[in-house]
Amino acid sequence: MSEKFITIKENIKIENTIKKSKFISIMKKINSEEEAKNFINEYKKKYYDATHVCSAFVFGEKNQILRSNDDGEPSGTAGKPMLEILIKNNIKNVCAIVIRYFGGIKLGTGGLVRAYSGGIIEALKLSTLVERKKAFIYNFEIPYSLNGKIEYELKKTNFILKDTIFTDKIN
């Protein structure tokens, strides 16, 4: 079995204003590199009037796919710091976007790094993180009379009861 990993439970969106620039940070769970790229393209179209739509994503249990994009910000000041936050916090299968509307005051390289990474840090703080791990699925039939007892016993273990299906079969 492969290792466990941490991801976000639900997508999240937050907004910050730093020296008159508006930053919108969005994180989404992803199931593939293609899904991340589609998500990024969707938000580039949605926020076509934004100054920058910077992105980073991590996909795979062992970080097989890592991508970041500064979208016109000085090299290494947006996408890479966002990606580093995801990696440092062991977050996987997540795409992060930070949209910037320039407010007229330059932040400098250090200020940009703090703004972009800070948006992701804040989004992570407000997210519900979940641990994902591979599991085996077992299906079995039991007499209806044992259903309550088995559910009760399963609740005392690490097993997760995914579904109960009642049929017209009588045991």
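Only heavy atoms go into these numbers, but all of them, side chains included; no hydrogens, no water, no symmetry mates. Everything numeric in this text was worked out from a predicted model, so none of it was measured.
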Visitor: When clusters are formed by joining ILVMFWY residues with side-chain heavy atoms under 4.5 Å apart, either directly or through shared neighbours, do Ile120 and Ile99 land in the same one?
Guide: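 No, it is not one cluster - the side chains of Ile120 and Ile99 are not joined through contacts under 4.5 Å.
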
Visitor: Applying a strict under-4.5 Å side-chain criterion to I, L, V, M, F, W and Y, I'd like to know whether Tyr43 and Tyr116 cluster together.
Guide: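 No, separate clusters.
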
Visitor: Indicate the atoms forming the closest heavy-atom contact of His52 with Gly72, along with that distance.
Guide: CE1-C, 3.6 Å

Visitor: Enter the distance from Thr109:OG1 to Glu73:CD here, rounded to the nearest 0.5 Å.
Guide: 11.0 Å

Visitor: For Ile40, is there any backbone N or O sitting under 3.5 Å from a side-chain donor or acceptor partner on Ser55?
Guide: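 No; zero donor-acceptor contacts below 3.5 Å.
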
Visitor: Do you know which two heavy atoms are closest between Ala123 and Ile14, and how far apart they sit?
Guide: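 Taking every non-hydrogen atom into account, N-CD1, 3.6 Å.
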
Visitor: Return all side-chain donor-acceptor pairs below 3.5 angstrom for residues 21-30, not counting sequence neighbours, or 'none' if the list is empty.
Guide:
unit_1: Ser21; atom_1: OG; unit_2: Arg100; atom_2: NE; d: 3.4
unit_1: Ser21; atom_1: OG; unit_2: Arg100; atom_2: NH2; d: 3.2
unit_1: Ser21; atom_1: OG; unit_2: Gly103; atom_2: N; d: 3.0
unit_1: Lys29; atom_1: NZ; unit_2: Lys9; atom_2: O; d: 2.9

Visitor: Using side-chain heavy atoms (C-beta onward) and a distance below 4.5 Å, is Ile6 in contact with Asn89?
Guide: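 SC-SC contact between Ile6 and Asn89 ruled out.
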
Visitor: Roughly how far, to the nearest 0.5 Å, is CD1 of Ile8 from CG of Leu126?
Guide: 11.5 Å

Visitor: Using every non-hydrogen atom in the two residues, find where Ala50 and Tyr101 come nearest and quote the distance to one decimal.
Guide: CA-CE2, 3.4 Å

Visitor: Would you say Asp71's side chain and Val53's backbone share a donor-acceptor pair under 3.5 angstrom?
Guide: yes

Visitor: In terms of heavy-atom contacts, does NZ of Lys155 have more than 12 from other residues, nucleotides or ligands at under 6.0 Å?
Guide: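 Result for NZ/Lys155: open.
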
Visitor: If I compare all heavy atoms of Ile97 with all of Phe39, which pair ends up nearest, and what's the gap?
Guide: CD1-CE2, 3.2 Å

Visitor: Does Glu34 CD have over 12 foreign heavy atoms under 6.0 Å away?
Guide: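 No, not enclosed.
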
Visitor: Could you check if a side-chain atom of Leu129 sits within less than 4.5 angstrom of a side-chain atom of Ile91, using non-hydrogen atoms only?
Guide: yes

Visitor: Check whether any side-chain N or O of Asp70 sits under 3.5 Å from a backbone N or O of Gly76 as a donor-acceptor pair, and report yes or no.
Guide: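 Yes; at least one donor-acceptor contact below 3.5 Å.
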
Visitor: Determine whether Lys13 and Asn11 make a side-chain contact, defined as any pair of heavy atoms from C-beta on separated by less than 4.5 Å.
Guide: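 Side-chain contact under 4.5 Å: no.
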
Visitor: Would you mind reporting whether Val94 and Val58 have side-chain heavy atoms less than 4.5 Å apart?
Guide: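 No, side chains not in contact.
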
Visitor: Looking at Gly79 and Ala56, what are the two nearest heavy atoms and their distance?
Guide: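 Closest heavy-atom pair between Gly79 and Ala56: O-CB, 3.7 Å.
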
Visitor: I'd like to know if Val98 and Leu66 are part of one continuous hydrophobic network [Ile/Leu/Val/Met/Phe/Trp/Tyr, side-chain heavy atoms within less than 4.5 Å].
Guide: yes

Visitor: Could you state whether Phe57 and Leu83 fall into the same hydrophobic cluster, counting links through intermediate Ile, Leu, Val, Met, Phe, Trp or Tyr residues with side-chain heavy atoms under 4.5 angstrom apart?
Guide: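 Different clusters: Phe57 never reaches Leu83 through Ile, Leu, Val, Met, Phe, Trp or Tyr contacts under 4.5 Å.
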
Visitor: Show the nearest heavy-atom pair for residues Ile12 and Ser127, with the distance to one decimal.
Guide: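 Closest pair (atom of Ile12, atom of Ser127, distance): CG2-OG, 3.5 Å.
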
Visitor: Which residues pass the salt bridge (charged side-chain N to carboxylate O under 4.0 Å, His left out) test with Lys37, sequence neighbours left out?
Guide: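 Checked Lys37 against salt bridge (charged side-chain N to carboxylate O under 4.0 Å, His left out); matches are Glu33.
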
Visitor: May I ask whether Ile87 and Met82 are part of the same hydrophobic cluster, defined by side-chain heavy atoms of I, L, V, M, F, W, Y residues being less than 4.5 angstrom apart, directly or through others?
Guide: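 Shared cluster, yes.
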
Visitor: Would you mind reporting whether Phe59 and Glu35 have side-chain heavy atoms less than 4.5 Å apart?
Guide: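 The answer is no; the side chains never approach within 4.5 Å.
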
